[in-house]
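In what follows, residues are counted from 1 in the order of the sequence shown. Both backbone and side-chain heavy atoms feed into the values below; hydrogens, waters and symmetry mates do not.
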Amino acid sequence: MTASKHIYYVIFIVLFFTACKERREDKEFPFLEYTITDIHKGYKQKDFTCVSVVKAYINRIHNLDNNINSITTINPKALEIAAALDKEYLETGILRPLHGVPIIVKDNINTVGMPTTAGAIALENFVPEQDAFIIEKLVKAGAILLAKSNMAEWAFSPMHTESSTAGTTKNPYNTAYVPAGSSGGTAASVAANFAIIGLGTDTGNSIRGPSSHCALVGFRTTIGLVSRSAIVPLYLRNDVVGPMGRTVEDATKLLEIMAAYDPKDSITIRSKGKIPRNYRQYLTKYGLEKAKIGVLRTLGNGTIDPEIDELFNKALFDLNAMGATVIDSIEIPDFNELKKDQWCATFSKDLEGFLNEFVKNDTIKTINDVIRIGSKSKFAEERLKRNAANTGRWGNSNIPCLNAYTDSRRVAFRNAIENMMDSLKLDAIVYPSWNNIPAKINLFSEEYKGDNNQIISPHTGQPAFTVPMGYTRNNLPVGIQFLGRMYAEPTLIKLSYAYEQGTKHRKSPDL
């Protein structure tokens with residue numbers, strides 16, 4: 001055997017046994033696709049402890065995350081917290097709602113003891129002194145903050161997940177492709193079973209796009225339902241935070257804990273009187289019976305990948321088979337005109353507010369300070385400069401940029417949609433979360449197309465949930481999206497849960 005052939009042979013053997021080891025670790029992982037219910041059942045039956053669960057997930061991250069690069073920081077106190085929860089359960093016999101549930105948190109949400117970097121060099125040493133409001137509520141409910149996840153730097157990119165602090169995250173279903181952005185780290189890590197569930201933020205796409213790309217459920221909730229305080233903003237007028245999970249039930253349980261009025265986020269006063277006693281009551285497998293669903297086929301640029309079109313039509317057939325009346329090809333009056341001039345460049349003001357309230361560093365007070373410090377990402381660097389140079393509404397600076405309840409353009413857009421829904425007595429509108437398959441990592445800007453998430457709900461404030469719809473070529477997941485009226489989360493939970501339970505499209509990636 002020649003020297004060169006010997007080298008290739010050794011490389012082949014190493015790669016072969018590495019692959020075998022990873023497949024074995026994946027199959028032997030005891031908590032694969034576990035839900036909150038499964039974890040709590042195991043605690044009650046004393047099959048395992050919070051400590052053993054946390055150890056298993058941390059080991060899985062160490063063994064497999066090098067393939068996808070989704071995690072930035074593992075909580076150094078995770079095992080200590082788990083031990084305290086085990087002691088509490090031993091003494092009380094009571095499990096809190098999220099007792100011992102490992103959660104992944106996007107790296108733009110303030111967490112005590114772990115950096116909150118938003119993927120940027122300017123914040124790489126920022127460790128918050130206090131948890132964000134939603135984190136406080138999750139911790140009080142017994143959740144274990146297991147790790148922080150990578151994100152598109154400053155949440156700028158819906159296309160891909162690349163940061164200066166952690167690099168590029170890959171899609172666990174096919175590592176040649178993107179997991180979308182900006183919450184791609186949360187999506188990839190939860191899809192890969194590195195925790196039970198995760199948190200993302202969504203300004204235009206960033207919960208639903210990555211969830212769709214990674215066979216997850218993703219909830220973009222009504223603006224005003226969940227607090228955004230102590231979260232690094234992109235455009236605060238559009239930002240929401242929400243669950244990204246493997247099941248509708250798990251996402252619903254997380255939402256139930258987070259939905260609340262927060263004095264530090266004034267928009268949440270709008271939710272008073274609109275939050276039900278619990279959201280779990282709407283988890284019914286017959287939730288599609290007698291529902292009326294409209295199909296919006298003219299959302300994006302009019303083109304759709306043939307495989308996704310086939311899957312979407314199959315989804316419509318399934319909705320009908322499960323008891324829904326499906327009204328195809330609905331039209332929203334003046335849709336093309338109403339969707340124009342909706343975006344506003346508020347990043348500079350919103351970011352500077354966050355820096356001054358939380359970071360409190362004299363050398364990092366303005367967007368120009370951030371630009372001076374620099375970025376490893378050319379994409380992020382360009383977006384920083386563009387945002388620094390612009391304020392007000394893109395396309396029409398004469399119209400004031402206000403919130404979803406007072407902005408004339410946003411209210412008109414929402415009224416047109418909800419009036420149409422009322423006229424047809426629709427419970428929800430559906431469309432593919434993306435019209436095209438994920439882009440290749442090395443061609444993300446050229447192949448980025450089909451993103452349906454940016455067009456309606458970020459501007460109108462309406463809730464929109466994505467649920468797995470199937471897989472296309474190269475094992476790439478796609479999602480169907482349910483859009484509802486303001487504060488219609490109960491309806492969307494019923495519909496999306498019934499669809500999920502009737503189709504069971506979710507499957508684990510082969511790591």
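Across all their heavy atoms, N453 and R208 have their closest contact at O-NH2, 3.1 Å. D350 approaches L236 most closely through the heavy-atom pair OD2-N, 2.8 Å. Pairing each heavy atom of N452 with each of P432, the nearest pair is ND2-O, 2.8 Å. Shortest non-hydrogen contact noted between T221 and V241 is OG1-O, 3.9 Å. When all heavy atoms of P158 and W434 are compared, the closest pair comes out as O-CZ2, 4.0 Å. The two residues P509 and P172 make their nearest non-hydrogen contact at CB-O, 3.4 Å.
The CD atom of E88 sits 5.0 Å away from the NE2 atom of H99 when rounded to the nearest 0.5 Å. Between the CG atom in D510 and the CG atom in N174 there is a gap of 11.5 Å [rounded to 0.5 Å]. Residue R246 holds its CZ atom at 8.5 Å from OG1 of T35, rounded to the nearest 0.5 Å. One distance of note links CD of Q501 with OG1 of T247; it measures 8.0 Å at 0.5 Å rounding. Here I144 contributes atom CD1 and N75 contributes atom CG; the two are 9.5 Å apart, rounded to the nearest 0.5 Å. Rounding to the nearest 0.5 Å places CG of L138 at 6.0 Å from CE of M258.
The closest donor-acceptor contact from the side chain of D86 to the backbone of C50 lies under 3.5 Å. Within the 3.5 Å criterion, the main-chain N or O of E256 finds no donor-acceptor partner in the side chain of N278. Listed for the S183 side chain is a donor-acceptor partner under 3.5 Å among the backbone atoms of S206. With S271 contributing its side chain and L225 its backbone, the two residues share no donor-acceptor pair below 3.5 Å. S149 places no side-chain N or O within 3.5 Å of a backbone atom of G185 that could act as its donor or acceptor partner. For the pair R60 (side chain) and A192 (backbone), a donor-acceptor distance under 3.5 Å is present. At least one donor-acceptor pair under 3.5 Å links the side chain of T161 to the backbone N or O of G184. Judged by distance alone, with hydrogens and angles left aside, the side-chain atoms of Q481 form no donor-acceptor pair with the main-chain N or O of T466 at under 3.5 Å. A donor-acceptor pair under 3.5 Å is absent between the side-chain atoms of K272 and the main chain of Y261, judged by distance alone. A donor-acceptor pair under 3.5 Å is formed between the side chain of D131 and the backbone N or O of V112.
When T73, T169, D65 are each tested for a side chain to side chain donor-acceptor pair (under 3.5 Å) with N150, only one passes: T169. With Y57 as the partner, the ring-ring contact (aromatic ring centres under 6.0 Å, His included) test is satisfied by one option alone out of F48, F194, F29, Y34: F29.
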| task | Output, in order, the C-alpha distance, side-chain angles, deciding distance and verdict of side chain to side chain contact (heavy atoms under 4.5 Å, CB included) for L255 and V226. | result | CA-CA 8 Å; L255 172 61; V226 178; 3.9 Å; yes

| said: Checking K106 against T186 for the side chain to side chain donor-acceptor pair (under 3.5 Å) test, could you report, in this order, the C-alpha distance in whole Å, the side-chain angles of both residues, the deciding distance, and whether it holds? | reply: CA-CA 6 Å; K106 186 177 179 179; T186 298; over 6 Å; no

| task | Report the C-alpha distance between L95 and K44 in whole Å, list the side-chain angles of each, state the deciding distance to 0.1 Å, and finish with yes or no for side chain to side chain contact (heavy atoms under 4.5 Å, CB included). | result | CA-CA 8 Å; L95 291 174; K44 289 175 182 177; 3.7 Å; yes

| request: Before giving the answer on side chain to side chain donor-acceptor pair (under 3.5 Å), spell out for T203 and N238 the whole-Å C-alpha distance, their side-chain angles and the decisive distance to 0.1 Å. | output: CA-CA 5 Å; T203 305; N238 289 63; over 6 Å; no

| message | Go through it in stages, so that I can follow the logic: the residues are D38 and I196, the test is side chain to side chain contact (heavy atoms under 4.5 Å, CB included), and I'd like the CA-CA distance, side-chain angles, deciding distance and then a yes or no. | response | CA-CA 10 Å; D38 294 329; I196 297 291; over 6 Å; no

| task | Dump the intermediate steps for side chain to side chain donor-acceptor pair (under 3.5 Å) on D262 and T268, then the final yes or no. | result | CA-CA 6 Å; D262 174 11; T268 59; 5.8 Å; no

| request: Could you please spell out the steps behind the side chain to side chain contact (heavy atoms under 4.5 Å, CB included) verdict for Y279 and E489? | output: CA-CA 8 Å; Y279 285 105; E489 278 77 7; 3.9 Å; yes

| said: Could you walk me through whether Y177 and N475 satisfy the side chain to side chain donor-acceptor pair (under 3.5 Å) test, starting with their C-alpha distance in whole Å, then the side-chain angles of each, then the deciding distance to 0.1 Å, before giving a yes or no? | reply: CA-CA 11 Å; Y177 293 81; N475 193 39; over 6 Å; no

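Within the structure, every pair that satisfies the salt bridge (Lys or Arg N to Asp or Glu O under 4.0 Å) test and touches residues 219-243, not counting sequence neighbours, is listed here: D202-R220, R228-D265, R237-D407.
In summary, K376 and E153 do not engage in a salt bridge, as defined by a charged side-chain N under 4.0 Å from a carboxylate O. At a threshold of 4.0 Å, the pair K253-E249 counts as salt-bridged, since one of the basic side-chain nitrogens sits closer than that to a carboxylate oxygen.
Within 6.0 Å of NZ in K274 there are more than 12 heavy atoms belonging to other residues, nucleotides or ligands. The environment of Q45 atom CD is dense: over 12 non-hydrogen atoms of other residues, nucleotides or ligands sit within 6.0 angstrom.
Under 3.5 Å, the side chains of S164 and S375 contain a donor-acceptor pair of N or O atoms. For the residue pair N387 / S348, no side-chain donor-acceptor distance below 3.5 Å is found, with atom types taken as modelled. Side chains of S227 and S229: a donor-acceptor N/O pair is present below 3.5 angstrom, by distance only.
With contacts defined as side-chain heavy-atom distances shorter than 4.5 Å, the pair I231/I109 qualifies. Within the 4.5 Å cutoff, side-chain heavy atoms of F354 are placed close to those of N110. With contacts defined as side-chain heavy-atom distances shorter than 4.5 Å, the pair T175/I68 qualifies. Using a 4.5 Å cut-off on side-chain heavy atoms (C-beta onward), F219 and L492 make no contact. Counting only heavy atoms from C-beta outward, the side chains of T72 and T117 never approach each other to under 4.5 Å. In this structure, N403 and I223 have side chains that are not in contact, with every pair of non-hydrogen atoms separated by 4.5 Å or more. Counting heavy atoms from C-beta on, the side chains of N193 and F31 never come closer than 4.5 Å. Under the 4.5 Å side-chain criterion, counting only non-hydrogen atoms from C-beta, D369 is not in contact with N361.
The ring of F358 has its center no closer than 6.0 angstrom to the ring center of F126.
In this view, N171 satisfies the side-chain hydrogen bond (donor to acceptor under 3.5 Å, both in side chains) rule with no residue, not counting sequence neighbours.
The aromatic rings of F444 and H160 lie parallel to each other, their planes meeting at an angle below 30°, with 60° marking the opposite boundary.
Annotation: cation-pi geometry satisfied between K507 and Y471 (NZ/CZ under 6.0 angstrom from ring centroid, within 45° of ring axis).
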